[in-house]
Amino acid sequence: MTPDRFQEMIDAFGADPNHWPPAEREAALGLLARSSDARAAVAAARQLDGLLDRAPAPSGLSFDAAVLAARIAATPQRRVVSGRTNEGGGWRLSFGWFNVAGLAAAAIAGFIVGATNLDGSFGIVALADGVDMLSSLTVEETLW
Amino acid sequence: MLDATDDDLMRLAGGGDRGAFTRLVSRHFARAAAFAGRVTGSRSDAEEIVQEAFLRTWLKAPAWQNRDARPGGAQFSTWFYRVLLNLCIDRKRRPIAAPIDAADAVADPAPDGFARTASGEIGRRVNAAIATLPERQRAALVLCHYEGMSNIDAAEVLEIGVGALESLLVRARRSLREILADLAVDTVRKVG
């Protein structure tokens, strides 16, 4: 533990040894015991720590843990596709997400053909592109 | 079940054990609320974030695996704080304009009301200063100072190296020292 490294550590983690990197704590405490400069650095950092500690924590939420847990646990832990569980709320559209994607593809293709008044050949290409694009999306990409 | 680790509870919850899930929520609820409140600066945002984070926990449980577990068993909390942080960042893509609701101070009619209001004023200033930090600096500060997370765990939550974490913390604390310089001087005078 060099004086420079000690100063860097104090600048980042403050004066409380409990906040110092565990791997360096012992060496830092050793330096602190024998260096007045190190003690001065800690004293300076303690000022900001003291101010941070006076910042009030947010007030409590309007519901408690038991109520929240009960409400969430009433939600089925469904699976979206075989061998792959849902994550990040994917269950919300787990019913027929593929159908939703198909409808979206048809809507996009219809819009392109209708808005551009293109002949049938380009419309088919656009439709194919739209379907390819949507079918390439993963479950998560369609949901988020 | 009281001695069960978070990973144990997640595996049980993954099997549909609602009691295990309730225990897990109870264990992390207060800290999740405090973390989300400090990072977003908003109680209403914190409420939505906490609900969403625990919903994701419940839905994640059936797929929970211990493959990334490290000695010390911090895997669940690291994952969970990462979920919380990402939800906070998604919700607040801009600096917070006002300090957290908890810092609202009203003149206190009690005999020592002046001292308490003065103390509340300092807290409000500090929270307002924290709110001006870029979100990742703010998150790093909350994780390390208020949550007491180790540098390694905080870096994992932020998905950065420990060197980058230190850089965020140094910049955060330097900014706060500058913003709060007058308070630090006042505090020293009062102590002296």
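Chain letters run A, B, ... following the sequence lines, proteins first, then strands; residues in each count from 1.
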Interatomic distance, B:Leu55 atom CG to A:Arg71 atom CZ [nearest 0.5 angstrom]: 10.0 Å

Separation between CD of B:Glu121 and CZ of A:Arg54, rounded to the nearest 0.5 Å: 11.0 Å

Proximity breakdown for A:Ala45 and chain B, heavy-atom pairs closer than 4.5 Å: both

Chain B contact via A:Asp11 - which portion, at a heavy-atom distance below 4.5 Å: both

Shortest non-hydrogen contact from A:Phe13 toward B:Cys144: CE2-SG, 4.3 Å

Nearest-0.5 Å distance that lies between atom CG in B:Asn151 and atom CE in A:Met9: 10.0 Å

Portion of A:Leu68 that has a non-hydrogen atom of chain B nearer than 4.5 angstrom: side chain

Atom pair CD1 (A:Ile72) and CZ (B:Phe54), whose distance is rounded to the nearest 0.5 Å: 7.5 Å

Least distance between heavy atoms, B:Glu166 atom then A:Arg5 atom: OE2-NH2, 2.7 Å

Over all atoms of both residues, closest heavy-atom pair of B:Arg43 and A:Ser62: NH2-CB, 4.3 Å

Which atoms of B:Leu168 approach chain A - backbone, side chain, both or neither, heavy atom under 4.5 Å: neither

Structural part of B:Leu24 lying under 4.5 Å from a heavy atom of chain A: neither

Nearest heavy-atom neighbours spanning B:Phe29 and A:Phe63: CZ-O, 3.3 Å

Under 4.5 Å from any heavy atom of chain B - which part of A:Asp53: both

Interatomic spacing from CD in B:Glu147 to NE2 in A:His19 - rounded to 0.5 Å: 10.0 Å

Same apolar cluster (I L V M F W Y, side chains within < 4.5 Å links), B:Ile49/A:Val67: no

Ionic contact status for A:Glu8 with B:Arg173, cut-off 4.0 Å: no

Best-contacting candidate, A:Gly50, A:Pro21, A:Ala65, A:Pro22, against chain B by heavy atom pairs under 4.5 angstrom: A:Ala65

Atom of B:Leu59, atom of A:Pro76 and distance for their closest heavy-atom approach: CD2-O, 3.9 Å

For chain A, the option from B:Val170, B:Thr22, B:Val50 that forms the most heavy-atom pairs under 4.5 Å: B:Val170

Options B:Gln51, B:Arg18, B:His145, ranked by heavy-atom pairs under 4.5 Å with chain A, top entry: B:His145

Taking every non-hydrogen atom, the tightest pair across A:Ala73 and B:Trp58: O-CZ2, 3.5 Å

Side chains of B:Asn127 and A:Pro56 in contact at under 4.5 Å (non-hydrogen atoms): yes

Test item: B:Leu141 and A:Leu52 side chains (from C-beta on) under 4.5 Å apart, heavy atoms: yes

